[in-house]
Structure formats: C-alpha cells, structure tokens
Amino acid sequence: YVILRTPQGDITPKTMLTFSEPIVIESITTTKVKSGDDFEVTGDYLNLIAKVVFQENVVVESTDFVSQSREKIIVKVPLKARSGEIMIANGEEIPIEVYSGDLQADIVAPAIVSVTPSTVKADSDITITGTDFDLVEKVIFGGEKTASGFTISEDKKSITVTAPADAQDGPVMLVAYSGAEIVSETSLTLKMPVAAIENKKVKNGENI
C-alpha cells in the first residue's frame, strides 16, 4: 500500500499498488550451435529467470549462466541439448514459464557419411565417417547390440569400432549424448560361418 503521511494522520488507500513484470522472449539464437557454444535469449525481465530449459528437460540453472541482465541471458549449450523450442522460468514456488514458440534452437547433431566395409565378420573393425563424432555416446549394431567401446579420430570425423560377436545384419546407429539417434544408410552384412562335411561313410563313434 502507498501510505500518505499528513499532519492529520496517515491515509491508506484501499487499493494495493502492484508492479507488472511480464517476462517476454523476443529472440533466441536460431543459427546452428554446438555443445559448448554460447546461446542467447533476449527479451524483457530476464533478470527474474532462474533457468533455461532445452528439449527433453535439459536444464541450465542461473548459477551456470554466462551472463544475465534484464534484456539478455547467455548460456553455454549443454552436451545433451537437442533442437527445438526452449523454455525459461523464474524461481518462484509456482513458476512463470515462457516458451520460445516458433523460435527454435538448432543444435548440431552427429552425421554419418559412410560405413566401411559393408560386409564384416563379428569381432572385426568397421570405420564410420561423418561429422561431429565428439557428440556420440553409443554405437549400436543390428539386433540392438551395443559396441563395448569405440575410438574417435582427432578431427572428430571418423569412428573405429568392433562389431560385437552377436551383432546381426542391419544399419549402424549412433546415439548422441542428447539422445538423438542417427541411422546409417548402409546396412551391414555379418559374415556367417561356412562349413563342409567330409563325404565318407562313418560308423558311430568315428571322427568326421
């Protein structure tokens, strides 16, 4: 309440003075960005914001903001961030949540160019070429068989991985830390054992 002090005493109005602080998103970074890059949100009353939330509930808390003012917030793109709408929220018990709507974050994901060789024995290596493989968390073969480990080249454009012993025919899938799944156009064929039986008559108990 706004109290008027007068010689005759205080006058208190019946109406409480309230302040409007509408949180607004005016723009976000819509150019392609990668984990670790700066991501910018502009608008009004952003000084009230306690967190920036990317798709799949990937949260950046205000303590981790690069900078924050009434008109702008800058955060680092989290490793698990995915493309899509973002949300900002204040720190109240019943929070105000504001969404970016048609403004979409464009987050880099790994891409596969080739898989060689296309016919491979179990427990032998294949090479996957592409881009941004530093974002890859898992390599999965046909039959949903996850590779036990893999090696990424220094330029992040090549992965060397051993086909699991129980892998089945099918494409190779990369799973990014964000959870994004990238499936190869090449379908691997796993070589099967080939056997021949000696053509001779044998008695029970004899070797063939």
Side-chain angles (χ1 to χ4, degrees), residues 28-41 51-66 74-89 99-100 103-194:
I28 66 171
T29 300
T30 54
T31 55
K32 193 172 286 292
V33 289
K34 187 176 179 180
S35 169
D37 291 345
D38 284 348
F39 185 88
E40 186 175 291
V41 182
K51 60 183 178 181
V52 174
V53 185
F54 291 81
Q55 287 289 300
E56 306 300 325
N57 200 35
V58 176
V59 178
V60 181
E61 300 287 352
S62 60
T63 52
D64 295 320
F65 290 177
V66 175
I74 298 176
V75 302
K76 292 293 184 183
V77 177
L79 184 61
K80 295 185 176 182
R82 298 179 69 166
S83 296
E85 186 181 43
I86 70 156
M87 183 266 283
I88 58 176
Y99 292 82
S100 62
L103 300 172
Q104 303 277 302
D106 188 5
I107 312 296
V108 169
I112 297 174
V113 173
S114 67
V115 178
T116 55
S118 59
T119 301
V120 62
K121 289 182 179 180
D123 289 327
S124 61
D125 289 346
I126 66 166
T127 300
I128 306 169
T129 61
T131 57
D132 298 298
F133 286 163
D134 52 323
L135 303 176
V136 174
E137 181 180 20
K138 298 177 185 177
V139 180
I140 301 177
F141 288 78
E144 299 184 355
K145 306 302 180 182
T146 302
S148 58
F150 52 90
T151 302
I152 301 173
S153 63
E154 289 187 8
D155 62 5
K156 317 304 181 189
K157 295 181 178 180
S158 176
I159 290 176
T160 302
V161 60
T162 302
D166 54 353
Q168 300 174 17
D169 291 354
V172 177
M173 182 170 69
L174 304 181
V175 181
Y177 287 98
S178 65
E181 298 178 346
I182 301 90
V183 179
S184 67
E185 293 184 2
T186 302
S187 185
L188 288 185
T189 300
L190 276 296
K191 291 182 179 179
M192 300 299 293
V194 177

Would a 4.5 Å heavy-atom cut-off, applied to side chains only, mark [X] and [Y] as touching?
{"X": "Tyr99", "Y": "Ile88", "value": "no"}
{"X": "Leu135", "Y": "Leu79", "value": "yes"}
{"X": "Val41", "Y": "Phe65", "value": "no"}
{"X": "Asp134", "Y": "Lys34", "value": "yes"}
{"X": "Val52", "Y": "Phe54", "value": "yes"}

With sequence neighbours excluded, tell me which residues meet side chain to side chain contact (heavy atoms under 4.5 Å, CB included) with Ser100.
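Result, side chain to side chain contact (heavy atoms under 4.5 Å, CB included) vs Ser100: Ile25, Ile28, Glu85, Ile86, Leu103.
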Side chain to side chain contact (heavy atoms under 4.5 Å, CB included) against Val53, all qualifying residues, sequence neighbours excluded
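Expected list: Lys51, Asn57, Val59, Met87.
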Just wondering, more than 12 heavy atoms not from Lys32 lying within 6.0 Å of its NZ?
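Atom NZ in Lys32 is packed in, count exceeds 12.
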Test of understanding: with salt bridge (Lys or Arg N to Asp or Glu O under 4.0 Å), list the residues that count as partners of Asp38, not counting sequence neighbours.
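Salt bridge (Lys or Arg N to Asp or Glu O under 4.0 Å) list for Asp38, sorted by chain: Lys76.
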So, taking the atom named [atom1] in [X] and the one named [atom2] in [Y], what distance separates them when rounded to the nearest 0.5 Å?
{"X": "Glu137", "Y": "Lys80", "atom1": "CD", "atom2": "NZ", "result": "7.0 Å"}
{"X": "Thr29", "Y": "Gln104", "atom1": "OG1", "atom2": "CD", "result": "13.5 Å"}
{"X": "Lys138", "Y": "Tyr177", "atom1": "NZ", "atom2": "OH", "result": "10.5 Å"}

Show which side-chain atoms of residues 162-176 pair as donor or acceptor with protein atoms under 3.5 Å away, not counting sequence neighbours.
| residue | atom | partner | partner atom | Å |
| --- | --- | --- | --- | --- |
| Thr162 | OG1 | Asp125 | OD1 | 2.6 |
| Asp169 | OD1 | Leu190 | N | 2.7 |

Check step by step if side chain to side chain contact (heavy atoms under 4.5 Å, CB included) holds for Val139 and Ile128.
CA-CA 10 Å; Val139 180; Ile128 306 169; 4.2 Å; yes
Could you walk me through whether Leu188 and Phe141 pass the side chain to side chain contact (heavy atoms under 4.5 Å, CB included) check?
CA-CA 9 Å; Leu188 288 185; Phe141 288 78; 3.6 Å; yes
Pair up each side-chain donor or acceptor in residues 148-155 with any protein partner under 3.5 Å, not counting sequence neighbours, and list the distances.
| residue | atom | partner | partner atom | Å |
| --- | --- | --- | --- | --- |
| Ser153 | OG | Asp155 | OD1 | 2.5 |
| Ser153 | OG | Lys157 | N | 3.4 |
| Ser153 | OG | Ser158 | N | 3.1 |
| Ser153 | OG | Ser158 | O | 3.4 |
| Asp155 | OD1 | Lys157 | N | 3.0 |

Would you tabulate the side-chain donor-acceptor contacts of residues 112-124 under 3.5 Å, counting partners in other chains and residues two or more places apart, or write 'none'?
| residue | atom | partner | partner atom | Å |
| --- | --- | --- | --- | --- |
| Ser114 | OG | Thr129 | OG1 | 2.4 |
| Ser124 | OG | Lys121 | N | 3.3 |
| Ser124 | OG | Lys121 | O | 2.4 |

Closest contact, heavy atoms only, Ile182 versus Pro110
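In terms of heavy atoms, the two residues are closest at CG1-O, 3.3 Å.
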